[in-house]
Asker: 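My questions will all concern the structure given below.
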Amino acid sequence: MNKDFTFIHAADIHLDSPLNGLAQKDAAFSQLVRGATRRAFSNVVDLAIEEGAAFVVIAGDLYDGSWKDQSTGQFALSQLARLTRAGIRAVIAFGNHDAESRISKHFTPTEGIYKLNNAKCETVKFDDLGVAVHGRSYKEAHTFENIASTYKPPEKGLFNLAILHTALEGHPSHASYAPCTVGELQAAGHDYWALGHVHEHAIRSQQPWIVYPGNTQGRNVRETGAKGAVVVKVEEGEVRSVEHRACDEVRWAHAAVDAMGARNTADVLAEIQSKLREALTNVGDRPTAARLTITANGPLARQLASDPGWFDAEVRSHSQAVADNIWVERIRVEDSGDEAGPSGLPAEIAELLAGAGDDPDCLAAIADAVAPLMSKLPADILSLEGDASPLLSAAKSKDHEALLQAALAAVETRIVGGKD
């Protein structure tokens, strides 16, 4: 007979993943948020203990990739041990970021922690609860096989939960790993599909439940809003509620500032403060990183864009009047009256390049391209300090997002300089 119980469904924890764009741009703010992915995972453990959960499932990407040192694995093990000391079990499936091909060694988990096999579907049974947990880890990061089709059928008389790291039919922000359809999962007969890989919380079906919890900590400005895990309550063998709970430590926001009616810079700054206050609604005392996109027109737009260093300083100083834990991640000024971007690039190209700094694959490609060039530079060039060009400074510090922006600025200068 099925018992009533609660479980926590988490995914995409990405322990020790760098929060893109923070460390190299603002050391003070970076210090505030250092270790946010760890604290978010600790918050998931706290949530499980507070809710009296019977078990926790982690649907892939507990780790962000190969450990820089053993402290990453030691921290994960310490948090899992907190669960077992509280009598809470955990079942972990590894995804593309922590596939066997990317994580060569794992620490041996304590009793009550189950790591799912990557060669075939494995079933873990909790006989005291009447639960069967099915799932399979990734062996290779680039897993394009429909592994859901290899899962074992549901166990009769038990609550059947299946863990799967997948993009389902596809997602614009995530690689199409372990492809399958909602219809396939619905037809499989399991009671709950605990998905991972997509970083937004989403309920794709309620008959049966097919759920993404989203990641536990947003890692860049594309991952805005509350991040966390879901609390699932089961009564008499049926899911009664699925509730998303915030576990993140740092919040990202994208504020669109309409300055079309602004008469001067003071009006723009006042509107920015208003939008930043809105961005802080419901974030509590979390540090918040905000990207501002300011739409203005005519002379005012050109004035704001003409001296970005001055305007950047103005905005940041005024943001401190809103809160001392808000950081302006980037400022974009757009002239709504131009067919071209604010600095002379065609609008389509300007938009594409503006988003490139948020694309981890793009930044990785830049790093691969720059490394051999830097190795060929003379020592006297590499030793330049202070007056070095923005391109060289960014390349030396391996700040690849800053390098991209410096290169973009150089291209824009040439384009604008070449016009009559």
Side-chain angles (χ1 to χ4, degrees), residues 19-37 39-40 43 199-201 214-228 244-298 300-336 342 351 354-355 357-358 401 405:
L19 298 189
N20 294 337
L22 293 182
Q24 293 133 334
K25 292 184 178 179
D26 191 307
F29 192 86
S30 178
Q31 186 63 35
L32 282 175
V33 302
R34 194 178 305 278
T37 56
R39 293 197 298 275
N43 292 341
H199 288 186
E200 297 90 34
H201 169 52
N215 54 344
T216 53
Q217 172 59 60
R219 300 184 302 156
N220 56 57
V221 76
R222 291 182 299 174
E223 299 181 347
T224 59
K227 300 294 181 178
H244 185 266
R245 300 285 187 85
C247 299
D248 51 350
E249 286 285 315
V250 179
R251 196 67 56 84
W252 295 83
H254 193 169
V257 179
D258 183 354
M260 293 296 294
R263 298 164 297 175
N264 49 40
T265 303
D267 286 351
V268 176
L269 292 171
E271 185 62 24
I272 288 172
Q273 287 184 324
S274 175
K275 289 299 180 181
L276 289 177
R277 290 189 183 96
E278 287 182 20
L280 290 177
T281 304
N282 298 324
V283 304
D285 58 356
R286 291 176 179 84
T288 300
R291 175 172 295 183
L292 299 174
T293 300
I294 303 164
T295 304
N297 199 0
L300 182 56
R302 290 190 288 274
Q303 177 189 343
L304 300 179
S306 65
D307 191 347
W310 163 80
F311 186 56
D312 183 273
E314 283 272 33
V315 172
R316 293 181 191 279
S317 63
H318 279 73
S319 72
Q320 294 305 300
V322 176
D324 60 5
N325 64 343
I326 194 166
W327 177 72
V328 178
E329 182 262 355
R330 188 184 298 174
I331 303 166
R332 292 178 56 193
V333 178
E334 297 182 348
D335 186 341
S336 67
E351 183 178 356
D358 300 322
E401 185 177 357
Q405 295 306 313

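Each residue takes its place number in the sequence, starting with 1.
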Asker: Rounded to the nearest 0.5 Å, what's the gap from CD1 on Ile326 to CZ on Arg251? Could you check?
Answerer: 12.5 Å
Asker: With a 3.5 Å distance limit and no angle check, can you tell me whether Gln217 reaches the backbone of Val250 through a side-chain donor-acceptor pair?
Answerer: yes
Asker: Are Asp335 and Asn297 side-chain neighbours, meaning at least one heavy-atom pair lies under 4.5 Å?
Answerer: yes
Asker: Could you grab the distance from atom OG1 of Thr295 to atom CD of Glu271, nearest 0.5 Å is fine?
Answerer: 11.0 Å
Asker: To the nearest 0.5 Å, what is the distance between CD1 (Ile272) and CD1 (Ile294)?
Answerer: 3.5 Å
Asker: Quick one: list whatever passes side-chain contact (heavy atoms from CB on, under 4.5 Å) with Asn43, sequence neighbours left out.
Answerer: Asp46, Cys247, Glu249
Asker: Could you work out, with side-chain contact (heavy atoms from CB on, under 4.5 Å) as the rule, every residue matching Glu314, not counting sequence neighbours?
Answerer: Leu269, Trp310, Ser317, His318
Asker: What side-chain donor-acceptor pairs closer than 3.5 Å can you find for residues 276-287, not counting sequence neighbours?
Answerer:
| residue | atom | partner | partner atom | Å |
| --- | --- | --- | --- | --- |
| Thr281 | OG1 | Arg277 | O | 3.4 |
| Thr281 | OG1 | Glu278 | O | 3.0 |
| Arg286 | NE | Asp248 | O | 2.8 |
| Arg286 | NE | Asp248 | OD1 | 3.0 |
| Arg286 | NH1 | Val283 | O | 3.0 |
| Arg286 | NH2 | Asp248 | OD1 | 3.4 |

Asker: Which heavy-atom pair separates Trp252 from Arg219 by the least distance, and what is that distance?
Answerer: CZ2-O, 3.6 Å
Asker: Heavy atoms, side chains only, cut-off 4.5 Å: are Trp327 and Arg316 in contact?
Answerer: yes
Asker: Got a second to check how far Glu334's CD is from Thr293's OG1, nearest 0.5 Å?
Answerer: 5.5 Å
Asker: Minimum heavy-atom separation for Ala321 and Gln273, please, with both atom names.
Answerer: CB-NE2, 3.5 Å
Asker: Indicate the atoms forming the closest heavy-atom contact of Lys275 with Ala256, along with that distance.
Answerer: CE-O, 3.4 Å
Asker: What heavy-atom pair brings Thr265 and Leu300 nearest, and what distance separates the two atoms?
Answerer: N-CD1, 4.2 Å
Asker: Roughly how far, to the nearest 0.5 Å, is CG of Leu304 from CG of Asn264?
Answerer: 10.0 Å
Asker: When rounded to the nearest 0.5 angstrom, what is the spacing between CZ in Arg222 and CD in Glu200?
Answerer: 10.0 Å
Asker: With a 4.5 Å limit on heavy-atom distance, are the side chains of Arg291 and His254 in contact?
Answerer: yes
Asker: To check you understand the geometry: which heavy-atom pair defines the closest contact between Thr288 and Ala253, and what is its length?
Answerer: CG2-CB, 4.4 Å
Asker: Is the backbone N or O of His199 less than 3.5 Å from a side-chain atom of Lys227, with the two atoms forming a donor-acceptor pair by type?
Answerer: yes
